[in-house]
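A quick write-up on the structure given underneath.
Here the structure is a predicted model, which means the values were calculated and not measured.
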Amino acid sequence: MLILSRKIEEEIRLGENITIKVLAIHNGQVKIGIEAPRDVRVIRGELYAEIQQANLDASHADRDVAAKAAAGLVKPGGRK
């Protein structure tokens, strides 16, 4: 992990297309601005974790539904 110190109005560049700028610091909270191309997804870390968990839960539910559906297509003894 790279750790950098920045003052208000100072920037960090990620490649040629992404800029992170410190806009304000107040009461232990840092306000930042991010400039990135529209095709670059920018999302808060805690929201990203929630989306990942929802996707994982959905994939497990899909497997359960598929397994139940497949079990209904095959009669006991392996005959259709």
Side-chain angles (χ1 to χ4, degrees):
M1 174 186 294
L2 174 64
I3 300 173
L4 301 171
S5 297
R6 301 279 78 200
K7 296 177 183 174
I8 294 177
E9 296 298 316
E10 291 185 334
E11 298 176 343
I12 297 169
R13 299 293 309 253
L14 302 176
E16 295 182 16
N17 298 326
I18 301 172
T19 301
I20 300 170
K21 187 174 188 177
V22 177
L23 301 176
I25 303 170
H26 184 68
N27 290 335
Q29 201 173 41
V30 178
K31 194 174 280 191
I32 61 172
I34 301 169
E35 290 182 21
R38 287 187 174 267
D39 63 326
V40 174
R41 188 173 175 187
V42 178
I43 189 166
R44 295 186 332 257
E46 65 276 10
L47 185 55
Y48 180 80
E50 287 179 26
I51 292 169
Q52 292 296 87
Q53 186 60 50
N55 288 341
L56 184 60
D57 293 345
S59 70
H60 287 142
D62 288 346
R63 276 192 299 208
D64 293 343
V65 168
K68 287 177 184 174
L73 295 176
V74 178
K75 293 182 181 179
R79 296 188 180 147
K80 294 184 182 178

Indicate every side-chain donor-acceptor pair of residues 7-19 with a distance under 3.5 Å to a residue at least two apart or in another chain.
{"unit_1": "Glu9", "atom_1": "OE1", "unit_2": "Lys21", "atom_2": "NZ", "d": "3.0"}
{"unit_1": "Glu10", "atom_1": "OE1", "unit_2": "Lys7", "atom_2": "N", "d": "2.7"}
{"unit_1": "Arg13", "atom_1": "NE", "unit_2": "Thr19", "atom_2": "OG1", "d": "3.0"}
{"unit_1": "Arg13", "atom_1": "NH2", "unit_2": "Glu16", "atom_2": "O", "d": "2.8"}

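- Residues Val42 and Ala36 approach most closely at CG2-CB, 4.3 Å, considering heavy atoms.
- The other members of the hydrophobic cluster of Met1, by chain and number, are Ile3 (side-chain heavy atoms under 4.5 Å, ILVMFWY only).
- The cluster map of Ile, Leu, Val, Met, Phe, Trp and Tyr, joined by side-chain heavy atoms under 4.5 Å apart, puts Val22 and Leu4 in the same cluster.
- Listed by chain and number, the hydrophobic cluster partners of Tyr48 are Ile43, Leu47, Ile51, where partners are ILVMFWY side chains within reach of under 4.5 Å, directly or through others.
- Within a 6.0 Å sphere centred on CD of Gln52, other residues, nucleotides and ligands contribute more than 12 heavy atoms.
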